[in-house]
Chemist: 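Before I ask anything, let me first share the structure, which is written out below as structure tokens.
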Amino acid sequence: MVNGMIYYGADYYPEQETEQDIGTDISLMVDAGFNAVRMGEFAWIKFEPREGEYDFAWFDSVISRLGEKGIFSLVCTPTACPPVWMIDKHPDILYTDGRGVVRPFGGRRHYCYNNAAYREYSEKIAEETARRYGNNKNVIGFHIDNELAQEGTGRCQCAVCKNLFRGWLEKKYGSIDNLNKIYGTIFWGQTYSRFDQLNPPVKSIEPCGAERIETFFDNPALRLDWERFCSDSIIDFQNIQVGALKRHTDKPVTTNTTGGWTNGVNYYKGCSTLDIVSVDEYPSLRTEDLSATGFGYAFMRGIKDNIKKFWVVESSSGGGLGVWARQGVSQPYPGALTQTAQHAFASGAELLTYFQFRTFRFGAEQLEASVMDIDGIPRRRFKEFQKISAEAKKWTDLLESSSINNETAICFDYDCLWATAIKPFNAHYHYTSYCAKLYRALAKNGIGTDVIPMDETINKYKFVILPAPIIMDCRFKKILGDYVKNGGVVLSTFLTAIKDENNSAPRERVPAGLTELFGITVAEGDPVFDKTRAQVEFSILFSGKPSLLKGANELWTESLEINTANVIGRYADTFRAGEPFASRNDYGKGTAYYVGAGLDDSLLAALTGDIAARHGLEAAPFALKDGMEAVRRVKDGENYYFVFNFNEKSVSFKLDRMYTDAFTGEAVSEDATLAAKECIVIT
């Protein structure tokens, strides 16, 4: 932990407030027990009101006043919003969307991340910020920009980006003949003779992205390269600021990621130069299942090798009005704020700041959910923030001296994310959602899970799951084979290795290059719709006895030809009745499972639970009811379970034996009950 502390607070925007308001707000932060704020990401016009004229005095005062009250600042570079004087001087900085429309000044993130002038300005303001606060005792670190590539701002198609993309392709492929061969441009007569004939694709998979035409069939290899190029460009923009900051400070540098949901930045690459991984995670405050949030935290733990901790720099603070009200955000159920904070810290967070401290009076996020309502009067939620602050101090010692040591991991891969969006195989399938679905199945069995890249990192785990790994290169196939041969357990699902790293389909038996590992060949595949849904049967061990589990397939279905594997699942009806879709193959010292059909939550939970039991994987030794999750942390060889009841009603469940409450020292009986939105820590 930084300074051995848990940081808890809010995102603050003093540039919008009067001196009197700032004083009031700081007093309220002290009353809430906050010890951290994130500030500055939208304040460029205040930091540099005119080119080369810097004014940080007002910000110095805020940081100092906060510091005097024991509140530390995470200082942002303000490059999410270039000031109007810059746009007047350099209109070419403005972002061009997929329709060719130049976005005007007046929103946010309306800049081209490849524009040389903007990169120069961004480097200067980042360096000036670090020069000013690099050694400030009240500053705990630096935060670059805000949500890079968010809200349809990560795929600029201005002239600069087009030319850089062509150069990126030429550097990668060397010759136009090589590109034509790998892309297969002979299809539809799309063969190129020069790199300057290539353009970015018409179709976009970017969330909130704009397209010139709804239906268009760009080359899939070109589209994947475009995603990679844009991601690399955004990371280059980020790293210019990393370099500028590092010239003047040794404090940690970070930026806020958003997982695999809302933009197209490869965070494995992007976070490699950052000291801390940070995330904007907005857990629902009125839900009975926070598995999507748990998946997001697991993803953060696995982005950087050997770093299992992260910062949550934006989180849910409430509900009501605001730009995001259309998403169904509502005021929190009593205890939900406490529970989401406990969940974040137990899952590896060292810092949690809510978006935002005081409700905005104006602008696009006017009346957005916040710690303090528009009138600034402390009410129900404020009392809960105070409670969290007090309890966070109690958690610090345990969290600092314990760690998350999971044996199971889900491989999340950006090429697979992009490829399944570029050429969807089922309109209801979303790669990130499917990964979260697998996380949920494991969590139901009390199995702690990390999320990791498809690389050598798998060797640190006993059990690895590959969700629809449609793209797989030869290097990883070798890593995977060796992993299983040396004793690892792998579960891979439908669409395994159908394509190579170029988003092209090799003429090989599927799963390409892995038929020996899995002991099967995919004979036929098909998307699943309501009219083609089939019943399936699984052979699993239940309480040590063979059992047959039945359910229905979804999303995608494959029929398998069995080579050396054992069949563990067959279709029960339709013309596929009796055909195998799931298998288990002993390979070297390990085992490779293949499941060629999409399964519902209950079937996935049964399957992963069966695998865990067969292979002696670490899991919570007690059963969890629906809407519950257990996070296991280890201290001095002892297990500590943070057990959450996400339901809005109490839940009774049975422990495998007597436990002790880690904080009160009281005995916890085998017949345990958790109140609505309650968490208990037992050992």
Side-chain angles (χ1 to χ4, degrees), residues 80 93-104 107-115 145 147-169 172 179 183-185 187-188 190 192 197-238 257-267 269-270 412-434 468 470-471 499 502-504:
I93 283 173
L94 291 170
Y95 184 97
T96 301
D97 69 19
R99 301 164 299 175
V101 174
V102 178
R103 293 182 182 168
R108 69 174 179 176
R109 306 203 49 77
H110 43 271
Y111 63 78
C112 169
Y113 40 82
N114 277 319
N115 183 277
D145 205 273
E147 295 180 336
L148 291 162
Q150 188 76 343
E151 297 157 5
T153 61
R155 300 294 180 266
C156 181
Q157 292 203 19
C158 70
V160 171
C161 290
K162 288 180 180 178
N163 286 330
L164 287 173
F165 179 48
R166 292 161 183 156
W168 186 92
L169 291 171
K172 178 176 180 178
L179 179 143
Y183 276 18
T185 56
F187 180 81
W188 282 356
Q190 295 172 346
Y192 300 96
Q197 294 171 331
L198 286 143
N199 286 300
V202 170
K203 289 291 288 180
S204 171
I205 62 171
E206 182 181 36
C208 303
E211 300 174 357
R212 296 194 292 278
I213 185 171
E214 183 177 350
T215 302
F216 196 81
F217 300 99
D218 296 290
N219 185 296
L222 173 73
R223 291 186 64 182
L224 182 57
D225 270 341
W226 172 245
E227 296 299 315
R228 292 163 169 165
F229 161 76
C230 291
S231 177
D232 287 352
S233 297
I234 293 160
I235 293 167
D236 287 344
F237 171 74
Q238 167 201 281
T257 68
T258 60
W261 303 100
T262 57
N263 63 36
V265 181
N266 183 330
Y267 291 131
K269 284 186 177 182
F412 182 97
D413 181 75
Y414 278 94
D415 281 350
C416 293
L417 167 67
W418 294 333
T420 50
I422 287 168
K423 196 170 180 61
F425 62 88
N426 190 311
H428 299 292
Y429 177 85
H430 184 277
Y431 180 77
T432 308
S433 297
Y434 186 64
I470 192 168
I471 285 184
K499 297 185 179 185
N502 300 306
N503 208 16
S504 298

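Owing to the predicted nature of the structure, the values given are computational and were not obtained by experimental measurement. Side chains are part of it too, since the values below use all heavy atoms of this structure and drop only hydrogens, waters and symmetry mates.
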Chemist: Please identify each residue that fulfils side chain to side chain donor-acceptor pair (under 3.5 Å) with N114, with sequence neighbours left out.
Modeler: R119, S233
Chemist: Can you name the side chain to side chain donor-acceptor pair (under 3.5 Å) partners of N199, sequence neighbours left out?
Modeler: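 Result, side chain to side chain donor-acceptor pair (under 3.5 Å) vs N199: R166.
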Chemist: Starting at CG of L198, measure out to OH of Y192 and round the result to the nearest 0.5 Å.
Modeler: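 Between L198 CG and Y192 OH, I get 4.5 Å after rounding to 0.5 Å.
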Chemist: Could you give all pairs that pass the side-chain hydrogen bond (donor to acceptor under 3.5 Å, both in side chains) test and reach residues 218-231, with sequence neighbours left out?
Modeler: R155-E227, K172-D225, Y173-D225, Y183-D225, D225-R228, R228-D415
Chemist: Taking all non-hydrogen atoms of both residues into account, name the closest pair between A468 and Y429 and its distance.
Modeler: CB-OH, 3.3 Å
Chemist: How would you list, by chain and number, every residue that makes a ring pair (Phe, Tyr, Trp, His ring centres under 6.0 Å) with W418, sequence neighbours excluded?
Modeler: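 Y414.
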Chemist: Check side chain to side chain donor-acceptor pair (under 3.5 Å) between Q197 and all other residues, then give those that pass, not counting sequence neighbours.
Modeler: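 Expected list: S193.
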Chemist: Compare every heavy atom of I471 with every heavy atom of A419, then report the nearest pair and how far apart it is.
Modeler: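 The pair with the smallest heavy-atom distance is CB-CD1, 3.6 Å.
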Chemist: Which distance, rounded to the nearest 0.5 Å, do you find between the CD1 of I93 and the NE2 of H110?
Modeler: 9.0 Å
Chemist: Go through Y113 and D145 one step at a time and tell me if the side-chain hydrogen bond (donor to acceptor under 3.5 Å, both in side chains) criterion holds.
Modeler: CA-CA 11 Å; Y113 40 82; D145 205 273; over 6 Å; no
Chemist: Identify the heavy atoms of T153 and Y95 that sit nearest to each other, and give their distance.
Modeler: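 In this case the closest contact between T153 and Y95 is O-CE1, 3.2 Å.
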Chemist: Once rounded to the nearest 0.5 Å, what's the spacing between atom CG of L222 and atom OG1 of T185?
Modeler: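 If I round to the nearest 0.5 Å, the distance is 10.5 Å.
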Chemist: To check you understand the geometry: which heavy-atom pair defines the closest contact between I470 and C416, and what is its length?
Modeler: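 Answer, listing the atom of I470 first, then C416: N-SG, 3.7 Å.
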Chemist: What pairs with R103 under side chain to side chain donor-acceptor pair (under 3.5 Å), at least two apart in sequence or on another chain?
Modeler: none
Chemist: Return the minimal non-hydrogen interatomic distance between G154 and C230, and the atom names on each side.
Modeler: O-CB, 3.5 Å
Chemist: For a quick test of reading the model, state the closest non-hydrogen atom pair linking I422 to L224 and the distance between them.
Modeler: CD1-N, 3.6 Å
Chemist: Rounded to the nearest 0.5 Å, how far apart are CG of L164 and CG of D232?
Modeler: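 One gets 12.0 Å once the value is rounded to the nearest 0.5 Å.
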Chemist: Taking it one step at a time, do L148 and R109 satisfy side-chain contact (heavy atoms from CB on, under 4.5 Å)?
Modeler: CA-CA 8 Å; L148 291 162; R109 306 203 49 77; 3.9 Å; yes
Chemist: Can the ring centroids of Y111 and F237 be said to lie less than 6.0 angstrom from one another?
Modeler: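 Yes: the rings meet the under 6.0 Å criterion.
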Chemist: Once rounded to the nearest 0.5 Å, what's the spacing between atom CZ of R99 and atom CG of D97?
Modeler: 4.0 Å
Chemist: Could you grab the distance from atom OH of Y267 to atom OG1 of T258, nearest 0.5 Å is fine?
Modeler: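 So the OH of Y267 and the OG1 of T258 are separated by 3.5 Å.
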Chemist: Using 30° and 60° as the class limits, which term best fits the ring planes of W168 and F229: parallel, tilted or perpendicular?
Modeler: perpendicular
Chemist: Is the side chain of Q157 donor-acceptor paired with the backbone N or O of P200 at a distance under 3.5 Å, no angle test?
Modeler: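 Pair absent, no side-chain N/O of Q157 close to backbone of P200.
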